[in-house]
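Structure first, commentary second.
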Amino acid sequence: MISPNDLQTYIAGAKQRASRPIHGGNRQWAASMAGISPEQILDFSASINPLGTPKSAIAAIQSHLTDLSHYPDPEYTSLRAALGKFHQLSPEWILAGNGVAELLTWVGRDLSQLSSTVLFTPAFTDYDRALKTFDCQVERYPLQLSNQQVIFDKDLPEITNSHNKGILINNPHNPTGYLFTRNSLLPYLERFALVVIDEAFMDFLTPDQQQSLIDLVPSHPNLVILRSLTKFYSLPALRLGYAIAHPERLQRWQTWRDPWCVNSLAVAAGIVVLEDVEFQQQTWAWLKSAKSHLFSGLSQIAGLNPLPNAANYLLVQTEIAGSLLQKELLQEDKILIRDCLSFPELGDRYFRVAVRLEHENQRLIEVLRCLS
């Protein structure tokens with residue numbers, strides 16, 4: 001018979017499991033678990049640029065505080081013009097959004113009109129949210145993870161009637177960081193009714209390394225590209241992303257959504273960071289060095305196996321349950337890593353960490369080494 005104490009313990013554990021966040025960066029949840037303030041946490045769970053918000057963005061926000069007493073431009077003319085200049089596209093091909101998350105909702109609505117949507121799994125958790133909202137049928141095709149790398153066949157698995165289906169791809173892929181090449185993606189444009197490429201982490205790659213399909217959008221009405229300005233430029237609280245697609249599609253999305261989805265301060269920051277070449281160069285230089293250091297350090301710890309990738313985070317295979325490591329690091333060292341329980345295909349033998357500043361990466365390495 002279950003004792004009252006056992007029952008209370010079970011209930012507390014159930015509440016904890018139910019409240020476990022499905023996204024990284026939930027410092028409030030982590031602080032409540034560790035009994036500390038959010039400011040005390042060293043957060044490796046959210047893959048945000050640790051160089052911080054660019055000074056150009058801070059200055060732009062401060063200079064536009066008087067805009068708070070006015071509605072934003074509902075067409076976001078200046079921001080779309082800046083994005084168009086950045087990508088060498090007419091502004092009509094661009095739609096600003098309240099982060100990629102909002103735009104995924106309208107992606108889901110378009111995909112729901114097709115027979116099904118193909119996902120490569122594990123997949124970003126918010127894809128399921130967007131697809132379930134409109135009762136999309138989903139076909140899942142797993143990426144193969146070896147001890148050293150992500151393995152993906154050059155050819156898409158055999159899929160029947162793909163011309164009636166959509167496909168939603170993260171590139172670089174989250175959570176593995178695998179980078180699909182342009183050439184590997186090109187056949188999908190001919191096979192599927194709708195191809196959506198989420199390039200939220202693409203700008204962490206230098207221009208010569210990027211595998212973007214943005215330049216192909218004008219010649220492919222069935223192609224949608226999603227981009228984020230919040231991760232690279234450390235602006236997650238402002239919520240700013242954009243879609244690149246044929247104007248007819250974007251005009252339809254505009255009629256579906258609430259007015260004024262993007263606030264004026266996000267618009268002001270977004271315009272200036274696109275021209276902040278110094279910050280971009282600093283980020284690429286930091287990432288190359290810091291990621292190499294973190295990968296090397298984790299590789300040398302018994303029981304840990306980081307997978308090589310192209311992103312600003314590392315997926316790490318572990319002999320110890322990732323959720324237990326997360327709890328230990330949080331409560332003993334005030335360090336938050338991302339467990340992978342929200343990626344069911346991975347199970348509990350992986351965790352994900354963002355690449356941070358080198359002294360912070362070194363602290364993580366030392367703590368994990370002591371636990372091994």
Side-chain angles (χ1 to χ4, degrees), residues 76 79-80 83-97 99-120 123-124 126-127 130-131 134 136-139 141 152 154-157 159 161-174 178-203 205 207 209-229 240-257 310:
Y76 303 107
L79 176 59
R80 291 167 58 230
L83 288 165
K85 179 181 178 182
F86 186 77
H87 290 296
Q88 299 181 333
L89 288 170
S90 172
E92 65 181 354
W93 295 80
I94 300 167
L95 181 69
V100 169
E102 185 231 338
L103 299 168
L104 278 171
T105 300
W106 314 127
V107 164
R109 184 166 177 176
D110 268 0
L111 288 170
S112 71
Q113 303 305 302
L114 303 173
S115 61
S116 64
T117 298
V118 170
L119 283 183
F120 297 136
F124 177 42
D126 217 38
Y127 295 165
L131 295 172
F134 297 100
C136 294
Q137 298 297 313
V138 179
E139 296 182 23
Y141 292 85
F152 187 77
K154 292 183 179 179
D155 295 324
L156 196 67
I159 298 175
N161 299 319
S162 59
H163 61 283
N164 292 325
K165 298 176 181 178
I167 185 168
L168 175 53
I169 301 174
N170 207 194
N171 196 30
H173 179 260
N174 180 11
Y178 180 87
L179 182 67
F180 295 89
T181 66
R182 276 176 60 97
N183 286 339
S184 69
L185 296 175
L186 293 180
Y188 307 164
L189 299 178
E190 309 305 324
R191 299 183 191 180
F192 287 89
L194 180 58
V195 178
V196 182
I197 311 292
D198 177 0
E199 296 183 352
F201 293 99
M202 188 68 78
D203 44 6
L205 294 158
Q209 296 172 323
Q210 292 187 16
Q211 301 295 313
S212 178
L213 296 189
I214 286 176
D215 61 305
L216 298 180
V217 171
S219 59
H220 291 84
N222 63 329
L223 177 59
V224 174
I225 305 292
L226 302 179
R227 281 287 186 112
S228 170
L229 288 176
L240 184 58
Y242 55 100
I244 299 177
H246 266 239
E248 294 83 358
R249 185 183 304 276
L250 299 182
Q251 289 165 9
R252 185 168 66 250
W253 289 9
Q254 179 73 359
T255 65
W256 290 344
R257 65 183 191 162

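Checked against salt bridge (Lys or Arg N to Asp or Glu O under 4.0 Å), E190 has no partners two or more places apart in sequence or in another chain. Every side-chain contact (heavy atoms from CB on, under 4.5 Å) that N164 has, sequence neighbours left out, goes to S115, N161.
Figure legend: R109 and W256 shown as a cation-pi pair, the cationic atom lying under 6.0 angstrom from the six-membered ring centre and within 45 degrees of its axis.
Taking the six-membered ring where tryptophan is involved, the planes of Y242 and H87 are tilted, since the angle between them lies from 30° to 60°.
Between the side chain of N171 and the backbone N or O of F180, at least one donor-acceptor pair lies under 3.5 Å. At distances below 3.5 Å, not a single donor-acceptor pair connects side-chain atoms of R257 with backbone N or O atoms of L103. Checking side-chain atoms of H163 against main-chain N and O of A193 turns up no donor-acceptor pair under 3.5 Å. Listed for the E199 side chain is a donor-acceptor partner under 3.5 Å among the backbone atoms of L213. With hydrogens and angles disregarded, no donor-acceptor distance shorter than 3.5 Å links the side chain of S228 to the backbone of V100. A donor-acceptor contact shorter than 3.5 Å is absent between the side chain of N222 and the backbone of V195.
Side-chain contact check for R249 versus L194: some heavy-atom pair is nearer than 4.5 Å.
The nearest pair of heavy atoms linking A101 to D126 is CB-OD2, 3.5 Å. What you find for I94 and L250 is that their closest heavy atoms are N-CD1, 3.5 Å.
Within 6.0 Å of atom CD in Q137, 12 or fewer heavy atoms from other residues, nucleotides or ligands are found, so the atom counts as exposed in its surroundings.
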Practice task
I would like to know whether I197 and Y188 meet side-chain contact (heavy atoms from CB on, under 4.5 Å); could you show each step before the answer?
Solution key: CA-CA 11 Å; I197 311 292; Y188 307 164; 5.7 Å; no
